[in-house]
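Scope of the values below: all heavy atoms of this structure, side chains included, with no hydrogens, waters or symmetry mates. The residues of the chain are indexed from 1 along the displayed sequence.
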Amino acid sequence: MQERGPNIVWLITEDSSPQHMQLYNEGGASMPNIEKLAKEGIVYNNAFSNAPVCSVARSTLITGCYAPRIFTQFHRRIELSTLPEDVKPFPYYLKQAGYYTSNNHKQDYNFIMPEGVWDESSREANYKNRKNGQPFFHVQSHNLSHEGSLHFDQKAIDKTPNEDLENIKIFPYHPQTKTFRYSYHHFRNLHTLTDKLMGELLTDLEQEGLMEETIIFYFADHGGALPRSKGYAYESGLQVPLVIYIPEKWKHLFNHNKGSRSDTFVEFVDFGPTVLSIAGIVPPSSVDGTAVLGKYADPSKIQNKNTAFGHADRFDEKYDLVRTLRVGNYKYMRNYQPFNVDGLYNFYRYKMLGYKEWRALYLSGELNEKQRQFFEFRSAEALYDLDQDPHELNDLSSSVEHQEILTHLRDQLREKLVSLPDLSFYPEPFLLENALRKPVDFGLSHRYQIQELIAIADLNLYSFAEAEQQLRQALSDKNPWKRYWGLIACSSFGSDAKSLLPKILEILNKDQENLVRFRALEYLMMNKQPYQTKIIKEILKSAKSMTEANLMLNSLALIKSLNSSFKLDLSKDIFPSEWYEKENDLVNRRMDYLISKSNDVR
């Protein structure tokens, strides 16, 4: 056993946002226990989850690896992926070094958990079960602020006096309504209540005489739960609070004064390596993150660390592909399928009254320009100056004076995706069939093909005239996924790509790959081009898996959200019953929405 290191505790709250905390923003929730820790530690102003949803974020936290590299990027896993042999969840290394490792209690990982990680992981798990004198790593998760707590009914709003809500300031992208004021009010109250729960563990540590032996992290598993937060790669979904308490005994492991704030960027991939470094353990070279504290942190590099990578893929039944790069106060956002509007229907999201009201106000034409953005086509790329535009509403990608920084961040992000490589440029059903057991090996052996797919996806950054010839080549390529991305680029161009209609129709009628045919159909439907309606059922009936069916249904859900008169002659029995027999089955959720007579989600 190595020389005894400090105890380490993680206090994690679900769906909590620094935007709604007094520690970060005036008017936010009071959290006196966390604020007390901050006075004896460090507050990080720039801490980020790499993904805006729990299973993906937690898979990153525990491995120190970017999810699109190890096939843990889809929420929630259809099947569990397998970690490469040289990647272990980091508590494994702590356990090997003599630590007692306990987790209470949420795991929610998108991979098969290897043996030897936790001594105890359950609702009863406790650091007190360790041997006498044994150092411990304990994780305590709190779900009081989880998104589900915002599924209140209208009565809760109606019985709340207006004067209780009059000082609530609503973000500019939300409607200025009582529903949203109450949502903010309720959500912030949950932060305060959760702080009380965390205070119980802190009191327990104090009574056990362990505060001077224990380094404590407080953070959230990703950004907030209010509409346009969880599931979305905006700062509201990616930025997390981070406070690290420093006992006097262990202050030599930190490069900060107590009670200070740090502008160093810390990503979730960094958390595992940092804990290992604090414990005196060399972080493995197989991880993507960097230790920012402890024995193996390099102060000269950490001081200037100012980048964060973000990603959003499937979130329940709702598909998207968004990648972001934050460098200092600039945020670059790449929407690879810009026609996938943010407000696309998702069953669990729309259980929230805020989502329902927001969409209803959009359909009735009662929103201003900033509030409408959530339901409208996005640009293929966007650039935000967060100093001037913290809510990411003013896209600078067309600004002449910002072209240099735009090009720099675009190239930097592309280089990042190629270097991983990013598996999401293959559709999820294909990855499940071909990459599930050895995703990292698959990515490395397909690195150059992924680079080619990214190049085709990037054609929607050009004018159609500039991209047309390469699109023609992509649509005729023998590789189905090049045809697939060529069609997505065509849909990004909309009617500008009408010169490719003959080829798109040929693909629809003759291609051998269901997903490619459906992307061709998607283009026709989005651009109101004629097609035989029976072909929808024909392709869906030939779906080879539930995941493939759900990906195709996503396109139909998009069309319905864009066109209130869109009607489908479909029934669930075109699919095997096991794909929709459970209420929460993704195909069941999508079909319920698609075959409903109304576009009203209320």
Side-chain angles (χ1 to χ4, degrees), residues 9-38 41-58 60-61 75 104-106 108 139-152 168-169 171 174 180 182-202 216-245 261 266-268 271 308 310 312 315 348-349 352 354 390-391:
V9 168
W10 277 9
L11 297 174
I12 306 177
T13 53
E14 295 195 45
D15 303 7
S16 302
S17 169
Q19 294 180 326
H20 295 278
M21 296 178 184
Q22 180 176 273
L23 187 62
Y24 286 88
N25 278 302
E26 185 179 352
S30 171
M31 300 179 69
N33 288 298
I34 297 304
E35 290 160 16
K36 182 180 178 182
L37 285 184
I42 314 164
V43 177
Y44 283 87
N45 295 323
N46 296 299
F48 303 92
S49 172
N50 297 105
V53 64
C54 47
S55 70
V56 187
R58 288 173 180 268
T60 300
L61 273 172
H75 176 82
N104 188 332
H105 75 286
K106 187 170 183 175
D108 201 15
V139 178
Q140 189 78 33
S141 292
H142 296 277
N143 66 358
L144 194 61
S145 54
H146 185 269
E147 177 183 12
S149 63
L150 295 176
H151 295 165
F152 46 76
I168 299 288
K169 293 182 179 179
F171 298 154
H174 282 152
F180 274 88
Y182 177 78
S183 298
Y184 280 49
H185 170 74
H186 180 61
F187 188 51
R188 290 172 181 174
N189 283 346
L190 293 174
H191 283 65
T192 302
L193 291 172
T194 303
D195 181 78
K196 291 182 180 179
L197 294 177
M198 291 188 286
E200 294 174 6
L201 179 61
L202 296 174
I216 302 170
F217 288 59
Y218 162 67
F219 60 95
D221 62 349
H222 49 73
L226 291 171
R228 195 185 178 262
S229 300
K230 187 174 182 178
Y232 299 97
Y234 299 106
E235 295 298 278
S236 53
L238 293 174
Q239 190 172 12
V240 298
L242 174 60
V243 175
I244 302 181
Y245 163 77
R261 301 184 82 102
V266 187
E267 304 175 79
F268 271 13
F271 278 48
F315 187 5
Y348 196 70
R349 301 294 78 67
M352 201 182 297
H391 297 294

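Minimum interatomic distance between His174 and Leu226 (heavy atoms only, all atoms of both residues): CE1-CB, 4.4 Å. Closest non-hydrogen pair, Phe152 versus Ser183, comes out as CZ-OG, 3.4 Å. In terms of heavy-atom proximity, Ala51 sits nearest to Ala57 at O-CB, 3.9 Å. In terms of heavy atoms, Ala38 sits closest to Leu23 at CB-CD1, 4.1 Å. Here the shortest heavy-atom pairing between Val53 and His222 reads C-CD2, 3.4 Å. Scanning both residues, Glu35 and Ala29, for their nearest heavy atoms gives OE2-O, 4.2 Å.
Shown here are the salt bridge (Lys or Arg N to Asp or Glu O under 4.0 Å) partners of Arg349, two or more places apart in sequence or in another chain: Glu147, Asp316. Glu14 meets the salt bridge (Lys or Arg N to Asp or Glu O under 4.0 Å) test with Lys106; sequence neighbours excluded. In this structure Asp221 satisfies the salt bridge (Lys or Arg N to Asp or Glu O under 4.0 Å) test together with Arg58, sequence neighbours excluded. Among residues two or more places apart in sequence or in another chain, the side chain to side chain contact (heavy atoms under 4.5 Å, CB included) test is passed with Ser17 by Gln19, His20. Residues satisfying the side chain to side chain donor-acceptor pair (under 3.5 Å) criterion with Tyr234, sequence neighbours excluded, are Asp342.
Within the 3.5 Å criterion, the main-chain N or O of Leu144 finds no donor-acceptor partner in the side chain of His142.
The shortest side-chain heavy-atom distance between Pro52 and Phe315 does not fall under the 4.5 Å cut-off. For the pair Ile168/Arg188, a side-chain contact is recorded, criterion being any heavy-atom separation below 4.5 Å from C-beta on. The side-chain heavy atoms of Ile34 and Met198, taken from C-beta on, include a pair separated by under 4.5 Å. Contact annotation: the side chain of His146 never approaches that of His151 to less than 4.5 Å [non-hydrogen atoms, C-beta and beyond]. Within the 4.5 Å cutoff, the side chain of Asp15 has no heavy atoms near those of the Leu150 side chain. Residues Glu235 and Pro390 are not in side-chain contact: their nearest non-hydrogen atoms beyond the backbone lie 4.5 Å or more apart.
Here CE of Met31 is found 4.5 Å from CE of Met21. Values are rounded to the nearest 0.5 Å. In this structure, the separation between CG on Leu197 and CG on Asn33 is 10.0 Å, given to the nearest 0.5 Å. One distance of note links OG of Ser16 with CG of Asn143; it measures 10.5 Å at 0.5 Å rounding. Going from atom CG of Leu190 over to atom OG1 of Thr13 covers 11.0 Å, rounded to the nearest 0.5 Å. For the atom pair CD of Glu200 and CG of Asp195, the computed distance is 10.5 Å after rounding to the nearest 0.5 Å.
Taking the six-membered ring where the residue is Trp, His191 and Phe187 present perpendicular rings, their angle passing 60° and hence far from 30°. Between Phe271 and Trp10, the angle of the ring planes goes over 60°, which puts this pair in the perpendicular group of the 30/60° scheme. Ring geometry for Phe219 against Phe268 counts as perpendicular: the plane angle is over 60°, on a 0 to 90° scale with 30° as the lower cut.
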Show which side-chain atoms of residues 236-245 pair as donor or acceptor with protein atoms under 3.5 Å away, not counting sequence neighbours.
residue: Ser236; atom: OG; partner: Arg228; partner atom: O; Å: 2.8
residue: Gln239; atom: NE2; partner: Asn45; partner atom: O; Å: 2.8
residue: Tyr245; atom: OH; partner: Met211; partner atom: O; Å: 3.3

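Counted by atom type alone, His75 and Ser55 present one or more donor-acceptor pairs between their side chains at under 3.5 Å.
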Next on the checklist: Please determine whether side-chain contact (heavy atoms from CB on, under 4.5 Å) holds for the pair Tyr44 and Ile42, giving the CA-CA distance in whole Å, both sets of side-chain angles, and the decisive distance to 0.1 Å.
Outcome noted: CA-CA 6 Å; Tyr44 283 87; Ile42 314 164; 3.8 Å; yes
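Ring pair Tyr184/Phe171: centre-to-centre distance below 6.0 Å.
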